[in-house]
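Heads up, the thing below is written out as structure tokens.
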Amino acid sequence: MSLTHDFDPRAPETFTSALMAAEYEGEPLPPDLVLGCVRQLPVTGMVAPSVFIGDMFVHLGGDPALADLLRADPSRIPAAVEEFLRLYGPYRGMARTARRDVVFGGRLIRAGEPIALVYTSADRDERIFPDGETFRFDRPNLGKHLAFGDGVHTCPGAPLARMMLVTTLEEALARTSAFEVSGEIRMASWAEWGTNSAPMRFTAAAR
């Protein structure tokens, strides 16, 4: 069982062209699978960041000391983003299907059985992240969260997402002296986990 595709060096390879050229067990990938993969990228890229950015702003609006610390030392913003990702990963989890029988946590999971992987719970597991409900810069495993999945299921847009989130926080903090929640927060339902609407009041930084 292998997934292969032929690469034409004369043409630039894109994510879509690679999927269209790929074969699984000697057959092209089904068109609906290719379409689903291509559609998922822009949808996820639009929805997940907006949900997560709202979460970051709500957290910082309730912790002005942390916001001021990051304004004073922007070099700590990338670490802050990683800890925010652990605390507020925008996807609760994903469904998977077991490929073989396995015993996990004392429970037999049979081949073909559907499983819900709850990332938001795993990222606050006290055995992995002590004091898991608290924002901390000094975690030795900072960045080892599952906000972007893991292994073969790692989000292909993770590097771009990190860059965008760090830049968003850098600009927001540099251009303000304070901000706070100014209205009712509305939360997403499924599959995103976080804010659908987070009214904020921003105070511009002195120039």
Side-chain angles (χ1 to χ4, degrees), residues 44 47-96 103-107 109 115-151 153-155 157-159 161-174 176-182 184-202:
T44 302
V47 177
S50 64
V51 169
F52 178 75
I53 288 169
D55 291 337
M56 285 199 302
F57 283 2
V58 169
H59 185 112
L60 289 170
D63 190 350
L66 175 59
D68 287 342
L69 184 153
L70 295 175
R71 285 190 185 92
D73 186 359
S75 69
R76 304 189 76 173
I77 289 177
V81 167
E82 293 301 325
E83 183 68 343
F84 283 136
L85 283 165
R86 182 191 67 80
L87 280 169
Y88 306 115
Y91 284 101
R92 304 174 187 212
M94 295 288 176
R96 296 288 181 257
V103 176
F104 188 80
R107 196 256 199 214
I109 300 172
I115 309 164
L117 305 178
V118 186
Y119 302 154
T120 48
S121 177
D123 281 340
R124 298 190 182 208
D125 187 337
E126 294 283 338
R127 296 169 298 179
I128 308 300
F129 300 104
D131 198 16
E133 300 291 328
T134 304
F135 181 100
R136 284 176 44 187
F137 277 114
D138 60 346
R139 296 185 184 278
N141 54 353
L142 188 69
K144 299 299 183 182
H145 51 75
L146 297 175
F148 293 115
D150 197 18
H153 297 292
T154 298
C155 173
R162 282 186 164 98
M163 182 189 306
M164 177 175 61
L165 297 172
V166 167
T167 300
T168 297
L169 201 50
E170 287 174 342
E171 292 298 318
L173 291 170
T176 62
S177 60
F179 51 80
E180 61 183 354
V181 176
S182 62
E184 180 184 0
I185 296 172
R186 289 190 286 111
M187 302 296 288
S189 53
W190 185 264
E192 292 79 26
W193 181 80
T195 58
N196 255 354
S197 175
M200 305 291 296
R201 179 180 294 108
F202 294 87

First locate atom [atom1] of [X], then atom [atom2] of [Y], and finally report the distance between them rounded to the nearest 0.5 Å.
X    : Y    : atom1 : atom2 : result
L173 : I77  : CG    : CD1   : 5.0 Å
L146 : L117 : CG    : CG    : 9.0 Å
D125 : T120 : CG    : OG1   : 12.0 Å
I185 : N196 : CD1   : CG    : 12.0 Å
R96  : I109 : CZ    : CD1   : 14.0 Å
M56  : L87  : CE    : CG    : 12.0 Å

Query raised in the report: Would you say T167's side chain and M164's backbone share a donor-acceptor pair under 3.5 angstrom?
Result: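 Such a contact is absent between T167 side chain and M164 backbone.
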Query raised in the report: Counting distance only, does the side-chain N/O of T195 pair as donor-acceptor with the main-chain N or O of V51 below 3.5 Å?
Result: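 Indeed, once roles are kept as given, a pair shorter than 3.5 Å links the two residues.
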Requested in this report: For E180, check side-chain hydrogen bond (donor to acceptor under 3.5 Å, both in side chains) against everything at least two apart and list the hits.
Outcome: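 Counting only residues at least two positions away or on another chain, E180 forms a side-chain hydrogen bond (donor to acceptor under 3.5 Å, both in side chains) with R201.
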Exercise: identify the closest heavy-atom pair between [X] and [Y]:
X    : Y    : answer
R86  : T134 : NH2-O, 3.1 Å
G89  : W193 : O-CE3, 3.6 Å
G62  : P64  : C-CD, 3.5 Å
I128 : N141 : O-ND2, 3.0 Å
P90  : A48  : CB-O, 3.8 Å

Report task. Test I53 against every option in V58, L169, T168 by the side chain to side chain contact (heavy atoms under 4.5 Å, CB included) rule and name the one that passes. Result ->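 The single option meeting the side chain to side chain contact (heavy atoms under 4.5 Å, CB included) with I53 is T168.
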Report task. Applying ring-ring contact (aromatic ring centres under 6.0 Å, His included) between F84 and each of F135, F57, F137, report the one that passes. Result ->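 For F84, the ring-ring contact (aromatic ring centres under 6.0 Å, His included) check succeeds only for F135.
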Requested in this report: Determine, for Y88 and R124, whether the Lys NZ or Arg CZ falls below 6.0 Å from the six-membered ring centre while staying within 45 degrees of the axis.
Outcome: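 Ring-cation test returns yes.
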Query - R186 CZ: over 12 foreign heavy atoms closer than 6.0 Å - result: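 It does not: R186 CZ has 12 such atoms or fewer within range.
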Query raised in the report: What's the verdict on side-chain contact (heavy atoms from CB on, under 4.5 Å) for Y119 and M94, showing C-alpha distance, side-chain angles and the deciding distance?
Result: CA-CA 8 Å; Y119 302 154; M94 295 288 176; 3.8 Å; yes
Report task. Would you kindly say whether R71 and S177 are connected by a side-chain donor-acceptor distance under 3.5 Å? Result ->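 No, no side-chain donor-acceptor pair sits under 3.5 Å.
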Report task. Give me the one residue out of R139, K144, R136 that meets salt bridge (charged side-chain N to carboxylate O under 4.0 Å, His left out) with E83. Result ->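 For E83, the salt bridge (charged side-chain N to carboxylate O under 4.0 Å, His left out) test succeeds with only one of R139, K144, R136, which is R139.
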